[in-house]
Amino acid sequence: MPMAIKTVSTTPFDDQKPGTSGLRKQVPTFQTPHYLENFIQSTFNSLDDYQGKTLVLGGDGRYYNRKAIQIILKMAAANGVGKTLVGQGGILSTPAASCLIRQYHAFGGIILSASHNPGGPEGDFGVKYNVANGGPAPEKVTSAIFEQTKSISEYKIAEAADIDLDSLGPTQVGDMAVEVIDAVADYAKLMEKLFDFDKIRQLLESDFTMCMDSLHAVTGPYAKAIFEQTLGAKAGTVTNGEPLEDFGGGHPDPNLVYAHELVETMFCENAPDFGAASDGDGDRNMILGNNFFVNPSDSLALIAANATLVPGYQDGLSGIARSMPTSQAADRVAEKLGIDCYETPTGWKFFGNLLDANKITICGEESFGTGSNHVREKDGLWAVLFWLNILAERQQSVEDIVVAHWQTYGRNFYSRHDYEGIDSAQANQLMAGLRSQLQTLPGQPLGDYTVAYADDFSYTDPIDSSISQNQGIRIGFTDGSRMVFRLSGTGTQGATLRLYLESYEPDESKHQLDPQVALKPLIVLADQVAQIKTLTGRDQPTVIT
Ligand code: G1P
Ligand code: ZN
């Protein structure tokens, strides 16, 4: 019997422009009739040459994940996809999905996640489309999808029963083959190839103590399988390891504010030697030592500097890339290694071309994202394993390793101040106010500093020459300090202003300063230039990293 396909009439929604990381909206928006379907059909409409090929599908387990997967399976069948690999229970971390797309030569993947945003019926949901290299769709693809969303008039969906997402093995949706696969196995094998599991096992079976907080999000099953079952970490090393549809009511973002349970464990007497957390979809990481926070920008630099200690990277790095607002600590490592360091706009999609062309091996963002050429997404557990491998080799504490790094390279004091959920009109006014000063600022004194440059960051991709403009306002000073202002592209309510601050300190005797103290003069100036307090009505940021 031929597959029954229903063609459903629809009209466009005007708000389906993908942001920094896919389309993110509140759950009720995605539940609006045709909303998800329009976006999925627009994605298929924007692609060619996928008929009969393989698609990877999974999500971070948040509310609406299972429902959306059943809908997407039926639409994939109706649109002629040959086979879909779906994670058991509908679960796939973002890096695991990237790994599977590459390994099984899929034409792409659909990852259902709103990353670190809260979940649940009133929380957020999201759809990310990844391309054949395993990475987030580049701008030309997301723009093409957006164009389709503006004129869509119908979508196709197979009339078929829901599949059992929990039973491993092959099944069928209409004419499309479906295989429910183990969400962890292939990813765990890839990790075993990159890292010295024997060394890490020795470390974890010694009196070394570790706490991995999965924040009730997707990394729970991965972390338990890798750390506890394979690497011999004590039972209970992984906390909050059951993925929950609402992340237990928490905000699955591994930073000092939202991962407070882990922070309390790590900042006390007799704290564990090593602490880590990951986000909703498993691509972010936070690294902590005993009473010590590792700034993500420093973590990127340190991973690069120590890469040859790790088997998968023992031949050295081809280059490093960091997003523009990320601190320049990585640049110093690249300089010492005699390799290139690229500066890209915010968002992982900008690393894809550089990785594919082997211009870089390691890349990262200040927003708790680090990764390498092993997949095309940032990878939270990869970063945790990288740190464990370094710790196992160096047999020093996290703090000693970071302090030694600063002694060698100098310290890039760094902080990000987020003003979440502010009024969009005021946020736009603030950015417009900054833009209006860009012409006159260069050469001017500002407090004790002199402005060297002021611009709105624009990036020309070195591989395909595509240009991305308006990627954040930078004000740089003659001593190398800088401040950057951007509006978030991942929030769903109001606007979020991100202020990034950086200064460089070569003098070792000053390395122990609190970054908020070291950066105080810049913090004051940022408010003066941008009128943050006046325009947002906020006295303080909501999150300080
Ligand atoms: C944020 C981070 C950015 C990251 C993205 C997806 O985007 O700042 O570095 O790539 O989430 O995890 P933003 O909200 O700033 O647009
Ligand atoms: Zn994420």
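First listed ligand is number 1; within each ligand, the first listed atom is number 1. These numbers were taken from a predicted model, which means no experiment stands behind them.
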| said: Counting non-hydrogen protein atoms only, what is the nearest one to atom 14 (O) of ligand 1? Give residue, atom name and distance. | reply: T490 OG1, 2.5 Å

| note | for atom 9 (O) of ligand 1, nearest protein heavy atom and its distance come out as S367 OG, 2.6 Å

Kindly compute the distance separating [atom1] ([X]) from [atom2] ([Y]), expressed to the nearest 0.5 Å.
X    : Y    : atom1 : atom2 : result
S415 : E366 : OG    : CD    : 10.0 Å
D456 : Q471 : CG    : CD    : 8.0 Å
S458 : N470 : OG    : CG    : 8.0 Å
S367 : W348 : OG    : CH2   : 8.5 Å
Q516 : I523 : CD    : CD1   : 5.0 Å

| query | Which of the listed options, M324, R416, R284, holds the heavy atom that is closest to atom 1 (C) of ligand 1? | reply | R284

| Between the candidates G489, S323, A114, which shows the shortest non-hydrogen contact distance to atom 13 (P) of ligand 1? | G489

| said: Check this for me - ligand 1, D283, N or O atoms closer than 3.5 angstrom, yes or no? | reply: no

| query | With only distance considered, is E365 within less than 3.5 Å of ligand 1 through an N or O on each side? | reply | yes

Which of the atoms of ligand 1 are close to [X], meaning less than 4.0 Å from one of its heavy atoms?
X    : value
T346 : 3 (C), 8 (O), 9 (O)
K378 : 4 (C), 6 (C), 10 (O), 12 (O)
G347 : 10 (O)
R498 : 8 (O), 13 (P), 14 (O), 15 (O)

| request: Report yes or no: does T94 have an N/O/S atom closer than 2.8 Å to the Zn ion (ligand 2)? | output: no

| query | Hey, is E420 one of the residues with a heavy atom under 4.0 angstrom from ligand 1? | reply | no

| Which atom, among the N/O/S set of D279, is closest to the Zn ion (ligand 2)? | OD2

| Does the side chain of Y222 reach to within under 4.5 Å of the side chain of L92, using non-hydrogen atoms? | yes

| Mutual orientation of the aromatic rings belonging to Y313 and F386 [parallel < 30°, tilted 30-60°, perpendicular > 60°] | tilted

| message | Testing the basics here: between A223 and L381, what is the closest heavy-atom pair and its distance to 0.1 Å? | response | N-CD1, 3.9 Å

| field | Smallest separation among heavy atoms of G120 and V27, with atom names | value | O-CG2, 3.3 Å

| request: Take the Zn ion (ligand 2) as the vertex and measure to OD1 of D283 and OD1 of D281; round to 10°. | output: 90°

